Structure formats: structure tokens, C-alpha cells
Number of protein chains: 2
Amino acid sequence: MGSGQAAGKSIPPYRDEHLKVDFEQQTALLDDGRMALTRKEYALLALLVEHAGEIIPREALLMQVWGYGGEVKTRTLDVHVRRLRKKLGRFAEPYIETIFGIGYRFQPYHAPRFMQAGSVSQ
Amino acid sequence: MGSGQAAGKSIPPYRDEHLKVDFEQQTALLDDGRMALTRKEYALLALLVEHAGEIIPREALLMQVWGYGGEVKTRTLDVHVRRLRKKLGRFAEPYIETIFGIGYRFQPYHAPRFMQAGSVSQ
DNA sequence: CGGAGTTGTAAAAACTTTGTAAAAAGAAAC
DNA sequence: GTTTCTTTTTACAAAGTTTTTACAACTCCG
């Protein structure tokens, strides 16, 4: 289960206006408050944060965090995303984007957004 | 469904005065505004853009994007082209050409236009 | 011009994907 | 072995996407 980084390597923490993710300690701080994340929740958040700004397909998430390959029918990813969002509270919205039909994307706090639906600036 | 390129390969994005298509992230930027494309819309645009300047027959588009072969009776291609054009806004006109009786052609922003007579500009 | 065939468009229907709550199952702690 | 916490499944709701339908508008060619 590739839940994160191998111990020993020194990975600089992610940090922005409201969120800090410490990959060494495997902890996350949200606006000074420590997020109480379970292992899977942390693994999911860490993977998203490590690839901030990039779209990560469901398949990739299911593979990396759960070790599921191929055609697995499960909603556990959605449920975990939901719980992460809940714990991110009012910041859930800007941080975790759903990319319909593809996967999810973590966006740093100030980041131009690719909207999924609606109209285009014209 | 050949919606694009296999992951992992590094394909340089398409880019011109107003439009950028990132084949890695499967996203499109129009004059700084992010285009909110659905999967099919992106697949269609990507295919056209990858063959910029070339006429692509309806059949080819239906095959590549939808996997439809032979004698399929559908108007979904037209509907998707329409939605793409809508999202391209004021740029729809120069970018996506209808080649009557044959198919469609994407033209880079500054491109000499040929009359509709199957004149494939290299 | 006129008609056959093709493309454009709007709206509805059909379908797919994601969100959510609650229950069940599995692990760890006591 | 029971309690507590975590994870997965289930079942349905909500949201989003795609296809079809029906008709209007246009193009080509006689």
C-alpha cells in the first residue's frame, strides 16, 4: 500500500495560508488546529497535496491509497473524500475539487480554478 | 474510446494567440479563462486540435471519440460541436470550421483560410 | 428556384457519476 | 469477549453529462 513516502527521506512540508501538511510526521494542521485524520484520510490528503494543482484520476487514487487495481467497484474513495472535506470545514470548498468523470484535485489556497461546470468566461 | 494520449507520454501543449490545450492535464485555456470542458468535449477538441489545419471527416470523429463505426445514425457529434463552439465564445468562428458534407477542421488562430473544397493545407 | 441532403439548435430523455447517510464489517484497544 | 474506532458497503439522492428527438436553417446541384 503506497500510502506515502518511505521513512528517512526528508520531504519539505506543504504549506499555505491555512493548511500545513507535514509528510514526516504525517500530520496536518489547519489554521492552527490539528486535524485528526485517520490513516486512510491522511494518505489520501497527502497524495492529493503532494500533487497540488494536478488532477489525479480516481483509478490512481484507488491504486495508490488502497492498492486497488483495474475494475474495482467501490465507493470508498467518495466516502473518504467526503470525510476529508468535512474535516477541512469551511476550507473544503477551495481545497478539494471534483473533476467530474476523472478524479479529484487539490488546489493551493490561492490558485486559479478550472471550473468543472457552468459557462466559460467569454 | 481513443479520447487522447496514453498517460506518461510527454506531449507538448497546443498553443496560439488565444487558446492553449494541455494534453497532459486534459484542460484548455482560452484567453486566460479556463474552459470548462466535459470529457467528450475535451476529447473532441483535442482530436481536432491535434490535427490542426486538417479536415477530419465525421466518420473519423465518430470513430475516434465515440467508437462508433460504420453506419451509425446520430447527431451527437453536431451537438458536441455546438457546445464546443459555445464555450469557445467569440473565438468559435475562426477556430472550428464546418466542411460541408465531409466533417470539421480546427484552424490555428492566424491561418490562411481555404475555400471549402477539400483543400488540405499540409 | 426547388428539392434532397446536411448541419444547427433547443429541449427532453436517458444515462452516468458523485454525494450522502446509515448500516455492516473489520481492526485495535481494553 | 466486549467496546471503540476505522473502513467498506449499501442504497438512494443529487448533480452532471451525453444522446436522442424534432424541427429549422443552410448548402449544393439540377
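Numbered from 1 within each chain, the chains take letters A, B, ... in sequence-line order. No experiment lies behind these values; they were computed from the predicted model shown.
- Side-chain N/O atoms of A:R85 and A:T98 include a donor and acceptor closer than 3.5 Å.
- Note on A:R83: a base of the nucleic acid sits closer than 4.0 angstrom, heavy atoms only.
- C:dG26 atom P lies 18 Å from atom CH2 of A:W66, rounded to whole Å.
- Counting any heavy atom pair closer than 4.0 Å across all strands shown, A:T76 reaches a base atom.
- The interatomic distance linking A:K40 (NZ) with D:dT8 (C1') rounds to 9 Å, in whole Å.
- Under a 4.0 Å N-O distance rule, the pair A:K20/A:D31 does not qualify as a salt bridge.
- Atom-to-atom, CD of B:E97 to C1' of C:dG8 comes out at 17 Å; the value is rounded to the nearest Å.
- When the nearest nucleotides of DNA chain C are assigned to B:R85 and A:R75 by heavy-atom distance, the more 5′-ward of the two goes with B:R85.
- With B:D16 contributing its side chain and B:P108 its backbone, the two residues share no donor-acceptor pair below 3.5 Å.
- Across D:dC28, D:dT10, D:dT17, the shortest atom-to-atom separation from the side chain of B:F100 is found for D:dC28.
- Atoms CD (B:E41) and C1' (D:dG16) sit 11 Å apart, rounded to a whole Å.
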Open item on the list: Checking A:F106 against A:Y14 for the ring pair (Phe, Tyr, Trp, His ring centres under 6.0 Å) test, could you report, in this order, the C-alpha distance in whole Å, the side-chain angles of both residues, the deciding distance, and whether it holds?
Closed with: CA-CA 12 Å; A:F106 175 88; A:Y14 168 88; 5.4 Å; yes
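- What separates CD1 of A:I99 from C1' of C:dT17 is a distance of 14 Å, to the nearest Å.
- Between the CG atom of A:L62 and the C1' atom of C:dT18 there is a distance of 13 Å, rounded to whole Å.
- For B:R58, the side-chain atoms get nearest to C:dT7 when compared with the rest of C:dT7, D:dT19, D:dT8.
- Using modelled atom types, one side-chain atom of B:K87 and one backbone atom of B:A36 make a donor-acceptor pair closer than 3.5 Å.
- Rounded to whole Å, the distance from CG on A:L84 to C1' on C:dT20 is 15 Å.
- No contact: B:V81 has no heavy atom under 4.0 Å from any strand.
- In this structure, A:Y68 does not reach the D:dT7 phosphate: none of its side-chain N or O atoms is under 4.0 Å from OP1 or OP2.
- When the nucleotides D:dT9, D:dT8, D:dT10 are ranked by their closest atom to the side chain of A:H80, D:dT8 comes out on top.
- When rounded to the nearest whole Å, the span between CG of B:L45 and P of D:dT18 equals 14 Å.
- For the pair B:T98 and C:dT6, the criterion of a side-chain N or O lying under 4.0 Å from OP1 or OP2 is not met.
- At D:dG16, none of the side-chain N or O atoms of B:T38 fall inside 4.0 Å of OP1 or OP2 (strictly under the cut-off).
- Side-chain N/O atoms of B:Y104 include one lying less than 4.0 angstrom from OP1 or OP2 on C:dG8.
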